[in-house]
Amino acid sequence: MQSKQFLAGAIASIFPMQQNKLFTRTRWQLVAWYAAIMGFTLGLLGFGVYQAIIHAHWRTLDRELEIVAGTLHDSIEKTLIQPGQLEQATKQLLPQQMPQLENRHILGAIHRDEYYIRFLDRSGQAIAAFGSQPNGLPLTPGEAAWQTLVDARGNRYHQISLSLHTQDNRPWGYMQMGRSLKDVDDYLANVKLVLLVGLPIAMAMVAVSSWWLAGLAMRPIYRSYRQVQQFTADAAHELRTPLAALGATVESALRSPDLSKAEAYDILQTLNRQNQRLTTLVADLLLLSRMERRPLPARHQLCCLNDIIGDLVEELTSLALDAGVTLTSDIRVKGLLRVFGDEEQLYRLFTNLMVNAIQYTPSGGRVTVILDRSGHSALIRVRDTGIGIAPEQQQRIFDRFYRVSSDRSRASGGSGLGLAIAMAIVQAHDGSLEVQSELGKGSTFSVRLSLETTPPPDTRAVEG
C-alpha cells in the first residue's frame, strides 16, 4: 500500500511542480550547474584523450623513424671512405634494395612517397637527396636531432638527423631522414572534428538528462513542500473554528454587561470547551512533531499487549454504549504477548484506532479488537461494522487533518489527526499499520509489532 501511495504521489507531483515558479527556477539552476560541470568534465576528458592520441602517434612515429634511419645509417657508414664525398657504392645502395634479406623491408621504406633522405657535409651543405623530396622544404643544420618542418604547400614533415663517419671513424657529415605527417594530421583532424561535434551533442544529452534528473530529485522535496503547505492550511483552518467560537463568545459577553450567574456559567463552559479543543489540537501537533524529530520510542520497556487491550476495552465500553455500539475483545493467544516500546504511546495508538472505529460505526454495530500472533510478530486487528472507506480514500486516511466524513468527525470533536498519530507511533516502533475496508460493510485496521523477550541492558525499565 505504501508503494502505491508513493507511486501515486510521484505521478501527481510531476505536472504541478512545473507550474510552481520557485521549483521551476530551481530546476533550471540545477540543470545549468549539472550541464556546466558535465561540460567541463567532458571537455577536459576530450582534451586529455586528444592529447593522449597525439602523444601515442608521435611516439610511434619517432620509433618508426629511429628504426628505419638507424638501420640505413649503419649500412651506409660501411661504404663511406672520404669525408663529404658520397661513394659510388653508397649511391648504388640507396636507390636499390639492399642485398641483405633481413633489411630489405626496412630500407625499402625510402622508396615510399612519404619518406625522403638528405645528405649534408660537415658545413651543412646538401650533397645528395633521395626519395620523395618535398617542394620548398627548408634545409636545416644536421646538429638538431629532431625537427618538424613545413614545405611551401603547408605540409608538415618530421625529420631525424644522424651524424655519419667514415670507415676509419672520421666525421663525414649528416644524414637526414624525414617523413610526411599528412596521414597523421588527417587522422588527428578527424579526431578533433569528432570531439568538437560530439561535445555539443553530449552537452545536449546531458542537459536533457539533467532536466529529468533534477525533476526526479526534486519530487520528494516538492511533495514535502506541498505537505507543509497543506498542513499549514489545514492547521489554520482547524484553529480558526475554535478561535472564532472563542471570539464570538467573548464578544457576546462584552455586549451583555448584566449577565446572570447561569449565563456567565454557560459562557465559561463554552470557553472551556473551545480551550480544551485548542489544547488537544496543539498537543497532537506537538506529539507528531516530536515523533518526527525522534522516531524511536521515548521510554523503552516491555509492554504487555494483553493488558493494554483489556484495559482499553474496559475503559471505552461506556463510550461505545453511548454510541449504541458493542465493543468486545477476542484474545486468540494463550500466553502473554509483550513488545518492547513506549507503553504510553501504545495506549495512544490503540485508543485512536478503537475510538475511530466506534465513531464511524452506526448504532447497533460492533467493534471487535483481535489480539493474535503471526510468527515473531504480534498482530492486533480493530474490526468494525461501520460505514467503510472508499478505495480512493484509503490512501489518504493517514494524512493529517484528513476525514472520511467531515460532519461525523466534527460532531464528535475529532481533528483529523488520530490516524496520523497512530501511523507515527507504529513507525516509531518499527511496525506496520494497514487498512482493509469495503463501503457499507466496515473496516479492519491491522497493526503488526515485533515481539521482544528480553530488553536491551541499557534500556530496562526501572521500578521506583
> More than 12 non-hydrogen atoms from neighbouring residues, nucleotides or ligands closer than 6.0 Å to CD on Gln436, yes or no?
Replying inline: no
Query raised in the report: Is there side-chain contact between Leu321 and Thr317, with heavy atoms separated by less than 4.5 Å?
Result: yes
### Query
What do the steps show when you test Leu65 against Trp146 for side chain to side chain contact (heavy atoms under 4.5 Å, CB included), and what is the final call?
CA-CA 10 Å; Leu65 278 175; Trp146 291 100; 3.8 Å; yes
When every non-hydrogen atom of Trp211 is compared with those of Val31, the smallest separation belongs to CA-CG2, 3.5 Å
Counting N and O atoms only, with roles assigned by atom type, does the side chain of Thr270 sit under 3.5 Å from a partner on the main chain of Asp266, one being a donor and the other an acceptor? yes
Determine the interplanar angle of the Tyr116 and Tyr157 rings, folded into 0 to 90°, and report it as parallel if under 30°, tilted if 30 to 60°, perpendicular if over 60°. perpendicular
Do Arg366 and Thr328 have side-chain heavy atoms sitting under 4.5 Å apart? yes
Nearest heavy-atom approach of Ala323 to Ile358 is CB-CG2, 4.1 Å
ask   = Hey, is the main chain of Ser450 close enough, under 3.5 Å, to the side chain of His429 for a donor-acceptor pair?
value = no
Closest heavy-atom pair, Leu199 versus Gly43, reported as atoms and distance to 0.1 Å, is CD1-N, 4.1 Å
Is there a donor-acceptor pair under 3.5 Å between the side chain of Arg373 and the backbone N or O of Gly375?
yes
* To do: Evaluate the side chain to side chain contact (heavy atoms under 4.5 Å, CB included) criterion for residues Trp212 and Val208: first the C-alpha distance (whole Å), next the side-chain angles of each, then the deciding distance (0.1 Å), finally the verdict.
  => CA-CA 6 Å; Trp212 180 76; Val208 174; 5.9 Å; no
For the pair His55 (side chain) and Gln51 (backbone), establish whether a donor and an acceptor sit closer than 3.5 Å, ignoring hydrogens and angles.
no
Closest non-hydrogen contact found for Val426 with Val447 is CG2-CG1, 4.1 Å
d(Thr351 OG1, Ile421 CD1) to nearest 0.5 Å is 11.0 Å
CG of Leu353 to OG1 of Thr444, rounded to nearest 0.5 Å, is 11.5 Å
*asked:* Is any side-chain heavy atom of Val355 closer than 4.5 Å to one of Leu316?
replied: yes
In this structure, CG of Leu336 is separated from CG of Leu302 (nearest 0.5 Å) by 11.5 Å
Rounded to the nearest 0.5 Å, the CG atom of Leu30 sits from the OH atom of Tyr34 at a distance of 5.0 Å
* Can you find a pair of side-chain heavy atoms, one from Asn306 and one from Leu371, that are under 4.5 Å apart? -> yes
| field | Close side-chain approach of Asp62 and His158, heavy atoms under 4.5 Å | value | yes
Heavy atoms of Ser437 and Gly442 approach each other most closely as OG-O, 3.2 Å
- Item | Short N-O contact, Glu251 and Arg255, less than 4.0 angstrom | yes
Tightest non-hydrogen contact, residues Val150 and Pro138, listed as O-CD, 3.5 Å
Quiz question: by atom type and distance under 3.5 Å, do the side chains of Glu434 and Ser446 form a donor-acceptor pair?
no
Side chain proximity check, Leu61 to Trp58, heavy atoms < 4.5 angstrom
yes
(request) Would you please test His376 and Leu451 for side chain to side chain contact (heavy atoms under 4.5 Å, CB included) and show each step? (result) CA-CA 6 Å; His376 297 285; Leu451 291 172; 5.5 Å; no
Are the side chain of Asp384 and the backbone N or O of Ser443 linked by a donor-acceptor pair below 3.5 Å? yes
CD (Gln427) and CG (Leu433) are apart, to the nearest 0.5 Å, by 8.5 Å
* Derivation of the side chain to side chain contact (heavy atoms under 4.5 Å, CB included) call for Asn155 and Leu181 -> CA-CA 7 Å; Asn155 298 320; Leu181 297 178; over 6 Å; no
*Tell me, do Ile221 and Phe23 make a side-chain contact under 4.5 Å, heavy atoms counted?*
yes
TODO: Answer yes or no: is there an ion pair linking Arg156 with Asp185, defined by an N-O contact shorter than 4.0 Å?
DONE: yes
Expected output: side-chain Thr385 to main-chain Gly365 donor-acceptor under 3.5 Å:
no
Distance col, row Met177:CE vs Glu66:CD, nearest 0.5 angstrom, shows 12.5 Å
Is the count of non-hydrogen atoms from other residues, nucleotides or ligands lying under 6.0 Å from Asn135 atom CG greater than 12?
-> no
| message | For Glu314, I'd like to know if atom CD has over 12 heavy atoms of other residues, nucleotides or ligands within 6.0 Å. | response | no
Quick check against the 3.5 Å criterion: does Thr249 have a side-chain atom that pairs as donor or acceptor with the backbone of Ile267? no
Checking Leu449, Ile309, Ile380 against Leu346 for side-chain contact (heavy atoms from CB on, under 4.5 Å), the one that qualifies is Leu449
*asked:* Hydrogens and angles aside, do Gln159 and Thr140 bring a side-chain donor and acceptor to less than 3.5 Å of each other?
replied: yes
Just wondering, do Leu419 and Phe445 contact through their side chains at under 4.5 Å, heavy atoms? yes
